[in-house]
Every structure is written in C-alpha cells, then in structure tokens.
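Whatever order the structure lists ligands and atoms in, that order sets their numbers, starting from 1.
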Amino acid sequence: MSDAKIIDGKAFAAGLRERVGAKVAKITDAHGLKPNLTVILVGEDPASQVYVRNKGTQTVEAGMESVTHRLDADTPEATLLSMIKTLNDDKACNGILVQLPLPSHIDESKVLAAIDPDKDVDGFHILNVGRLWTGQSALVPCTPYGCLLMLKDHFGSLSGKRALVLGRSNIVGKPMAALLLNESCTVSIAHSRTEDLEARCREADILVAAVGRPEMVKGDWIKPGAVVIDVGINRVDAPEKGEGKKKLVGDVDFAQASSVASAITPVPGGVGPMTIACLLRNTLVAACRQNGIDAPDI
Ligand code: NDP
C-alpha cells in the first residue's frame, strides 16, 4: 500500500497546456501572433518519430503552428546547418527544435550552437545554459523545468530544502541542479563516481532521479518524508503481462519508495507528460519575447 501522495504529472501537464493555450488565444487575438514551433527530425529512430508526432499534435492543440521537417538519416551536416540558418532568419518561426539523438556523422554540439538562442526552445544552447547558471532569464530545458514546476506546486517555496540530483547529463541533471539552486535549495549532484551514494540520497528532502537505471533507487535510500521526482523512463520485460511484453518503469523502485516518501511521481504519468507541456510553454515565451510582448509567468 502506498502512503505517499502521487504527484499526477498527467493532470499537471494538462493544466499547463490549457494555460498555454489560453494565453496563445489571447496573443493571437490581440497581436495576430500565432506562435510557430518548427521541429527537425533527422533519420527514422522509432522513439523520436513518436515524440515528434506528439509534439506536433500538442502544438496544434494549443493553438500554435507546427512545422516538421523530416530529413533522411544520411543528410549531410552542412544541409542541416543551412536549414537551421534559414529558420533563424525566418521571422515566422519562433521556436526551433532539433530532435536528438542525431545520426553519428552529425556533430550535435555544432548543431545546437547553430540555433538562435532566442529560438532555442529546448534550452540546450550554451548561451541559455550560461543564462540559467547565472540566474538570468533563459529558455530552460523542458524536462527539468517540468520537475521544478511540480516541486514548486507541492512545496510552495523550495528555499533551504536539501536537494539531491542523481545524474549529471546536460539535458536533465545539470539544468535540474541549476534550477533548484536558483530556488535557494542546497543542491548536491550525484553520478556514477559518487561515493556512499545511498547515504547521500538519504540526506535529501528532494530527490530527483535521472540515471536511466530501472528501479535503482530503493526505499531505504530515501529519507522518510522526502519528495521523490523520478525522471527515468526504462522499458523492461513484463512477463506478468504475457510473453514478450514490456512495461515502463522509472529509476526509482516505486513500490518501496512510496511507503517512505511523502510524495512521488509515478512512471508513466509523472515527469514524462510535463516535457512537451513545457516545450509549448517555452515556444509561447520565445514568441512573446521576439515580438516585444510580456512573456507569461507560467
Ligand atoms: P544520461 O545517460 O545522459 O545520464 C545518466 C546519468 O546518470 C549520468 O550522469 C551517469 O553518471 C548517472 N549514472 C548512471 N548510472 C549510475 C549509477 N549506477 N549510479 C549513479 N549514477 C549513475 O541520461 P539522461 O539524463 O538523458 O536521462 C536519464 C533518464 O531520464 C533516462 O531514463 C531517460 O530515459 C530519462 N529521460 C526522461 C525524460 C522525460 O521526458 N521524462 C527526458 C529525458 C530523459 P556519469 O555522468 O558519471 O556517467
């Protein structure tokens, strides 16, 4: 039996999408501006195709314009860079997202650096990374921003809380740590070389797990009453569902953790749905800033 409050990311994301949609309708009415999100997908990675399709659908549902460019897996890097340059110069395009991962012949860092930082709705451009770490207004990576919104909703103020971020990727771990630091948490970052990992986790009032290791964080790693945000999405065998069947689990052992934590995000239905909702929010913010309109505080 679970004692922890389940943080319902699906419902939270639906609320955020609704707020974004309402604001989009207002600025379209008042300024004739329909924010445009342009996604570039290189190759045919099946998971990326699903993500890109979902992004397109939800963009349109929020009243924004969605454009998707699908390029062959062997597209030269120069062609992709030239497409990004054209989009940077195109006033009708407000947000540019290059779906990762890219085929191995393309230099990811070169591609991310080519995107206009003001259209960088994934928040991966080095200028947005620098702005985030220096506490300036930035376009912030969507997954950690979604985690932050749920934490702020749960706690109100995060000031003084002891937070541990498990994972140090540029996409999740590091920006998550920066966001929590900007909220005046006392932040630690743990990774594969961290000593006494379990003890470090047990010190945290807020534990964010982003490691990509199925159910690695056990119940006795968690401080009683802590809030646990599980970013992990791991597809594992589910023989109980039938032969060859799979299921999604997080980086946290949910059954164990939910009897120790005070609140926890489930997988699926926790952090996952927040990512695209925050992408829509970033596109709206980018469009407002590019057009001298006050960006909404959502
Ligand atoms: P990465 O593989 O880029 O990073 C994983 C991090 O975990 C690394 O910093 C690594 O340490 C650390 N790590 C790995 N194994 C261990 C271990 N045994 N002990 C301690 N630390 C460890 O992953 P991402 O950050 O991209 O993603 C993390 C998870 O979040 C994945 O499951 C991914 O699918 C999911 N995800 C979910 C999203 C969503 O929308 N909900 C979006 C993005 C990711 P080191 O640096 O030392 O190698």
Side-chain angles (χ1 to χ4, degrees), residues 6-14 16-17 39 45-55 58 97-102 108-109 112 121-124 129 132 140-151 163-180 187-204 207-218 220-222 228-236 246-254 257 264-282:
I6 309 299
I7 301 176
D8 185 347
K10 214 168 152 188
F12 204 98
L16 178 56
R17 288 199 305 271
V39 175
D45 177 71
S48 294
Q49 301 219 30
V50 174
Y51 291 143
V52 167
R53 215 175 22 250
N54 288 343
K55 282 168 188 173
Q58 293 187 28
L97 184 149
V98 177
Q99 183 65 43
L100 302 178
L102 287 165
E108 184 180 299
S109 57
L112 297 180
V121 284
D122 250 344
F124 297 156
V129 176
L132 172 61
V140 171
C142 302
T143 300
Y145 191 69
C147 298
L148 183 78
L149 289 181
M150 291 192 287
L151 284 168
L164 182 121
V165 180
L166 186 45
R168 57 173 164 179
S169 72
N170 291 331
I171 292 174
V172 187
K174 285 181 201 157
M176 186 74 249
L179 286 165
L180 292 166
V187 183
S188 305
I189 306 176
H191 45 78
S192 65
R193 308 292 175 89
T194 297
E195 291 180 2
D196 299 326
L197 180 60
E198 301 176 28
R200 297 287 78 76
C201 290
R202 264 193 301 273
E203 293 166 353
L207 177 59
V208 181
V211 271
R213 301 268 180 265
E215 300 179 323
M216 185 181 99
V217 177
K218 302 299 176 195
D220 61 0
W221 295 30
I222 294 165
V228 177
I229 303 289
D230 190 352
V231 183
I233 300 178
N234 307 288
R235 192 172 290 277
V236 298
K246 301 268 184 190
K247 65 175 176 184
L248 292 183
V249 298
D251 291 339
V252 177
D253 185 320
F254 183 82
I264 185 167
T265 58
V267 178
V271 175
M274 287 300 286
T275 299
I276 297 183
C278 289
L279 173 67
L280 304 179
R281 178 258 178 205
N282 278 358

Would you mind reporting whether [Y] and [X] have side-chain heavy atoms less than 4.5 Å apart?
X    : Y    : answer
L197 : M216 : yes
R213 : N234 : no
V129 : P175 : no
C147 : M176 : yes
T143 : V231 : yes

Looking at ligand 1, would G173 count as a contact under a 4.0 Å heavy-atom criterion?
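Distance cut 4.0 Å: G173 fails for ligand 1.
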Does ligand 1 have an atom that lies less than 4.0 angstrom from a heavy atom of V231?
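The answer is yes: ligand 1 sits under 4.0 Å from a heavy atom of V231.
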By number and element, which atoms of ligand 1 are closer than 4.0 Å to a non-hydrogen atom of [X]?
X    : result
N234 : 32 (O)
V172 : 25 (O), 43 (C), 44 (C)
G167 : 6 (C), 7 (O), 9 (O)
V271 : 41 (N)
G272 : 41 (N)

Could you pull out all residues at least two apart from K246 that satisfy salt bridge (Lys or Arg N to Asp or Glu O under 4.0 Å)?
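Salt bridge (Lys or Arg N to Asp or Glu O under 4.0 Å) list for K246, sorted by chain: D237.
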Indicate yes or no for a side-chain donor-acceptor contact from [X] to the backbone of [Y] under 3.5 Å, with no hydrogens or angles considered.
X    : Y    : answer
R235 : K247 : no
D45  : S48  : yes
D230 : D251 : yes

Can you tell me the protein heavy atom closest to [atom] and the distance?
atom                    : result
atom 18 (N) of ligand 1 : M216 SD, 3.5 Å
atom 10 (C) of ligand 1 : S192 N, 4.3 Å
atom 29 (C) of ligand 1 : G212 N, 3.6 Å
atom 40 (O) of ligand 1 : T275 OG1, 2.8 Å
atom 23 (O) of ligand 1 : S169 CB, 4.4 Å
atom 15 (N) of ligand 1 : R213 NE, 3.1 Å

Do the side chains of K218 and D253 get close enough for a salt bridge, i.e. N-O under 4.0 angstrom?
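Salt bridge present between K218 and D253.
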Option from I264, V252, I222 for which side chain to side chain contact (heavy atoms under 4.5 Å, CB included) with L207 holds:
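Going through I264, V252, I222 one by one, the side chain to side chain contact (heavy atoms under 4.5 Å, CB included) with L207 is satisfied by I222 alone.
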Option set T143, V217, I229, criterion heavy-atom distance to atom 42 (C) of ligand 1, minimum
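Nearest heavy atom to atom 42 (C) of ligand 1 lies in T143.
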Closest to atom 46 (O) of ligand 1 among R235, H191, R168, R200 (heavy-atom distance)
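Minimum heavy-atom distance to atom 46 (O) of ligand 1 goes to R168.
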Residues in side-chain contact (heavy atoms from CB on, under 4.5 Å) contact with A13, at least two apart in sequence or another chain
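Result, side-chain contact (heavy atoms from CB on, under 4.5 Å) vs A13: R17, P273, M274, A277.
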Take atom 7 (O) of ligand 1 and look for protein heavy atoms under 4.0 Å from it; say yes if you find one, no if not.
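It does; a protein heavy atom is within 4.0 Å.
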Is there any N or O on I233 that sits under 3.5 Å from an N or O of ligand 1?
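Yes: some nitrogen or oxygen of I233 is under 3.5 Å from one in ligand 1.
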Does only the side chain of M274 get under 4.0 Å from ligand 1, or the backbone, or both, or neither? Count heavy atoms.
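None of M274 does.
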How does V211 reach ligand 1, if at all, at less than 4.0 Å between non-hydrogen atoms: by side chain, backbone, both, or neither?
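For V211, the contact with ligand 1 is made by both the backbone and the side chain.
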